[in-house]
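The next block holds one structure in the form of structure tokens; read it before the comments.
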Amino acid sequence: MIRFEQTKDAINHIHSFHVALSEYYLTLSKHHGDERVRLCLHYLSEQELKFAEEMSHYKSQASAAILNTWFQYTNDDSILQIPTSSEADSNLSLNDIISLATQFSEELMTLYNDLHEQANTDELQSVFEHLKSAQVQKNKQLSVNLDRMMDV
């Protein structure tokens, strides 16, 4: 189990998740034969790097009081786990890739909801509410862009 003891631990884990997911998508793209799927994977990889940068920016801007806030939370270790890429991954369809991206996004939403519920101050709840709202907006934009790619 992953135990977040301070807000900064959660932010660090989320940042690392986005970086690892970007690398996963990039690795998949290098081994895939379908140009549309490679394009989609490159796009997803770039988006994950942007999300990681946003987490770094947030951490650099957040108050020490927020980052150092302690709270009781134990995360289910089955979420935010990047699968290892394998030869079989080179056969994933565009729909499979979109399903994976959706699954990871839903896991982040679950994490943000859980952290929001466990937050012990209004200010900390606001942090996770903001992250959750930002994820919803990103999901909408991602959906629009992926739909456009499917039409290509």
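Smallest separation of non-hydrogen atoms from His15 and Ala52: CD2-O, 3.0 Å. Here the closest non-hydrogen pair linking Gln6 and Trp70 is NE2-NE1, 3.1 Å. Closest approach of Leu142 to Gln47, counting heavy atoms only: CD1-CG, 4.4 Å.
In this structure, Val19 is not a member of the same hydrophobic cluster as Tyr43, with clusters built from ILVMFWY side-chain heavy atoms closer than 4.5 Å. Under the 4.5 Å side-chain heavy-atom criterion for Ile, Leu, Val, Met, Phe, Trp and Tyr, Phe51 and Phe104 are members of distinct hydrophobic clusters. Note: the hydrophobic cluster containing Met55 also contains Tyr25 (ILVMFWY, side chain heavy atoms under 4.5 Å, direct or indirect links).
Side chains of His57 and Glu53 form no contact here, defined as non-hydrogen atoms less than 4.5 Å apart. Between Leu115 and Leu124, the closest side-chain pair of non-hydrogen atoms is not below 4.5 Å.
In summary, the side chains of Gln141 and Asn145 do present a donor paired with an acceptor at a separation below 3.5 Å, with no hydrogens or angles considered. Ser22 and Ser45 form a side-chain donor-acceptor contact under 3.5 Å, judged by distance and modelled atom types alone. Side-chain N/O atoms of Asn113 and Glu117 include no donor and acceptor closer than 3.5 Å. Using a 3.5 Å distance cut-off with no hydrogens or angles, the side chains of Gln103 and Glu107 do pair a donor with an acceptor.
The closest donor-acceptor contact from the side chain of Arg38 to the backbone of Gly33 lies under 3.5 Å. For Asp9 (side chain) and Asn68 (main-chain N/O), no donor-acceptor pair under 3.5 Å exists by modelled atom type. Between the side chain of Ser29 and the backbone N or O of His42, no donor-acceptor pair lies under 3.5 Å. Between the Asp96 side chain and the Ser93 main chain, a donor and an acceptor come within less than 3.5 Å of each other. Side-chain atoms of Thr27 come within 3.5 Å of backbone N or O of Glu23 as a donor-acceptor pair. Although no hydrogens or angles enter the test, the distance criterion places a donor-acceptor pair under 3.5 Å between the side chain of Thr110 and the main chain of Glu106. Judged purely by atom type and a 3.5 angstrom limit, Ser133 uses its side chain to pair as donor or acceptor with the backbone of Glu129.
Glu54 has a carboxylate O that lies under 4.0 Å from a charged side-chain N of Lys138, or vice versa, which qualifies the two as a salt bridge.
Not less than 6.0 angstrom separates the ring centroid of Phe128 from the ring centroid of His116.
With sequence neighbours left out, the side-chain hydrogen bond (donor to acceptor under 3.5 Å, both in side chains) criterion links Tyr58 to no other residue. Shown here are the side-chain hydrogen bond (donor to acceptor under 3.5 Å, both in side chains) partners of Lys50, two or more places apart in sequence or in another chain: there are none.
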Applying side chain to side chain contact (heavy atoms under 4.5 Å, CB included) to Lys59 and Leu67, what does each step give before you reach the verdict?
CA-CA 8 Å; Lys59 188 176 173 190; Leu67 292 174; 4.1 Å; yes
Checking Leu92 against Val37 for the side chain to side chain contact (heavy atoms under 4.5 Å, CB included) test, could you report, in this order, the C-alpha distance in whole Å, the side-chain angles of both residues, the deciding distance, and whether it holds?
CA-CA 8 Å; Leu92 294 173; Val37 173; 5.8 Å; no
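Residue-environment remark: CD (Glu123) stays at or below the threshold of 12 foreign heavy atoms within 6.0 Å.
Grouped by direct or indirect side-chain proximity (heavy atoms under 4.5 Å, Ile/Leu/Val/Met/Phe/Trp/Tyr only), Val136 sits with Met109.
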